[in-house]
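Here the structure comes first, spelled out in structure tokens, and everything after it is commentary.
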Amino acid sequence: MTSSTPDPTPTGAIPLIPAPDRASATHAVPEDTVVATLPSPAEDPHWYRTAVFYEVLTHAFMDSNHDGIGDFEGLRSKLDYLQWLGVDALWLPPFYPSPMADGGYDISDYTGIDERYGTMDDFRTLVADAHERGIRIVIDMVMNHTSDQHPWFQASRTDPSGPYGDFYVWRDRPSEYLDARVIFVDTEDSNWSWDEVRGQFFWHRFFSHQPDLNFENPAVREAVKNVLRFWADTGVDGFRLDAIPYLYEEDGTNCENLLPTHDFIAELRQMVDDEYPGTVLIAEANQPPHEVVAYFGTDAAPECHVCFHFPIMPKIFAALREETSKGVREVLAETPPLPKGGQWGTFLRNHDELTLEMVTEEERQKMYAWYAPEPRMRANVGIRRRLMPLLRGSRREVELAHALLLSFPGSPFLYYGDEIGMGDDIWLNDRDGVRTPMQWDDSPGAGYSTADPESFYLPLISSGMYRPTAVNVAEHRTRPTSMLNWLRSMLQIRRKYPVFGIGSLTLVATSDDAVLAFLRRDERQSVLCVNNLSTTSRSARLQLPGMAGWHLYDAASGNRFPDVREDETVDITLGRHGFYWLDVTFLDEEKDDEDQ
Ligand code: GLC
Ligand code: CA
């Protein structure tokens, strides 16, 4: 059962999602809600370049109606918290009707809402209330595949010559596209599965219950566009485009990043620019930097505004164990420049496994040895653990990882629960271990729900040091030195330095390989970021060409550090896993004052 909007097609027929009626499209919110105090996209078209995003699973955050499942109303009641924390935008993974065989990424109705999460009105109210607090909302758009329970697939398998017969990729023999890798290697051994009903094979890049849509079919492309229009009409600020490298297939290729795929994304962007200007498209393309950058498109045919930077993430984790900046420096150097208006999306963890698809086999083996010594910690080509347990409960390491995340080029995406260092449960299936209920307080339901915890969609974390009585928001808020308060103050500092979002990056040579230093600069601000990746104290000499005599001030405290010497060097001493963000001020500003 779902609470979708009224279906305009006669009963019995499966609806092709109709294009919204432009004349009556309202971006409607229920009457009693106050609308958006946020600047419109036209006033602030580049908001996503300085934003901090927060990924939150609706069902995991807060349960308002005591059924053990988080919902929109619960999430809405926590907007004050998110505003207090200092995030600018929420990314909501799928909340659509779904058999939930892939955490909701198996969608059975694109324009409905799983009724356990609320109604369309609840969703609109959430969007409006978030806007009122200056928080934008980005939702997931999963267009590569549907659930096999989707009426389109059901029609496609039963009525091959009907209107949906060609909505999926059907073949008599599984002999094409054999060069495409299997992504979910834990569960699938082929991208083709046999369908008894239709008596043919269908193509799927993910689970075999997730048939890929056939983008060669113009009706599919139109249907997908209308889904996007449908949700854009609710007033959301953007879409995370899930799994976009795989839209089209072509024999003899790896079926990723193909030209027609890019063409279609450019078409979507054109549509968004024309009909919903300012709406942001975010690419989930787990690809090497030179392939990812293609998802920004070209000046003539722009595609996405933001692309997740997958390759940099594992390098951060590797750097903490190797205690050298080499890998990070290499990946930063390999990262192509951003096109105008483009932005990277950076992250440490998300709702998926920590993917190791973009590293070499040798690096992968090292990562498994460091971070996933037990087989149950692994999933597919990656590691299914949360940030704090990954970093062995070390506050210093977690802080340093965040310092890097928040100062690297890009807009950082935080993952719910990581702000309090939540734990994981490797005994749960698939990636569920990192998707457990948010821990608000030390009550039996962790403040997440008053229902019997037995009825929760997933069990609370029960292991010793990470259980809700030990790790929860309430406790973190009262303790000034907590991880949560620390992160909040970091976000406050970052907010004062838009240069972290929009500035250039220059790597700085240091005398110690364990010390990673770089400058973030634009016309207005310069910040020198210095990070000690090692477990011991270090003192390093930094080379700062052209900066003789410049002043350095600690961005956190305002305290003055030694000036850059006349020989364009400065020595910085850091404790283990220490870091500084140093505001760089040009000497002449003072000279000018003296001259007057
Ligand atoms: C994306 C999602 C992941 C999902 C997959 C297939 O990679 O992040 O959670 O399993 O798509 O839909
Ligand atoms: Ca609920």
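The figures here come from the full heavy-atom set of this structure, side chains too, leaving out hydrogens, waters and symmetry mates. We count ligands from 1, going down the list as the structure has it; atoms in each ligand are counted the same way. Positions are given from 1, in the same order as the sequence printed here. Small disclaimer: the values here were computed from a predicted structure and weren't measured.
Taking every non-hydrogen atom of D352 and a distance limit under 4.0 Å, the qualifying atoms of ligand 1 come out as 2 (C), 3 (C), 7 (O), 8 (O), 9 (O). Remark: ligand 1 atoms within the under-4.0 Å shell around heavy atoms of H351 are 2 (C), 3 (C), 8 (O), 9 (O). If you number the atoms of ligand 1 from 1 as listed, the ones under 4.0 Å from a heavy atom of F206 come out as 5 (C), 6 (C). Within ligand 1, the atoms closer than 4.0 Å to a non-hydrogen atom of D242 are 1 (C), 2 (C), 7 (O), 8 (O), 11 (O), 12 (O), numbered from 1 in the order shown. Of all atoms in ligand 1, numbered sequentially from 1 with element shown, those under 4.0 Å from a heavy atom of R431 are 3 (C), 4 (C), 9 (O), 10 (O). Shown in contact with Q210 at under 4.0 Å from a heavy atom are these atoms of ligand 1, numbered in order with element: 12 (O). Here is the list of ligand 1 atoms found below 4.0 Å of a heavy atom in E284: 1 (C), 7 (O), 8 (O).
Between the T436 side chain and the P459 main chain, no donor and acceptor come within less than 3.5 Å of each other. Judged purely by atom type and a 3.5 angstrom limit, Y368 uses its side chain to pair as donor or acceptor with the backbone of G382.
L247 places a side-chain heavy atom less than 4.5 Å from the side chain of F264.
Between F202 and F153, the ring center distance clears the sub-6.0 Å criterion. Remark: aromatic rings of Y117 and F123 are distant, center separation not under 6.0 Å. A centroid separation of 6.0 Å or more is found between the aromatic rings of F347 and Y415. Between F310 and W344, the distance separating the two ring centers is not shorter than 6.0 angstrom.
Rounding to 10 degrees, one finds that the Ca ion (ligand 2) sits at the corner of an angle of 90° between I69 O and D71 OD2. If you put the vertex on the Ca ion (ligand 2), OD1 of N65 and OD1 of D63 sit 80° apart, to the nearest 10°.
Residue E73 does not count as close to the Ca ion (ligand 2), with no N, O or S atom under 3.0 Å.
In this structure, H145 is part of the shell of residues with a heavy atom less than 4.0 angstrom from ligand 1. Distances shorter than 4.0 angstrom do not occur between any heavy atom of E353 and any atom of ligand 1. Distances from ligand 1 to the non-hydrogen atoms of V142 include no value under 4.0 Å.
Of all the heavy atoms of F184, the ones lying under 4.0 Å from any atom of ligand 1 belong exclusively to the side chain.
Shortest distance from the Ca ion (ligand 2) to D67 is reached at OD1 (N/O/S atoms only).
A salt bridge links R431 with D102; the closest basic N to acidic carboxylate O contact falls under 4.0 Å.
For the pair R269 and Y295, the cation-pi test (distance below 6.0 Å, angle within 45°) is failed. A cation-pi arrangement is found for R477 relative to W84, the charged atom lying closer than 6.0 Å to the ring centre and inside a 45° cone about the ring normal.
The closest protein non-hydrogen atom to atom 4 (C) of ligand 1 is D102 OD2, 3.4 Å.
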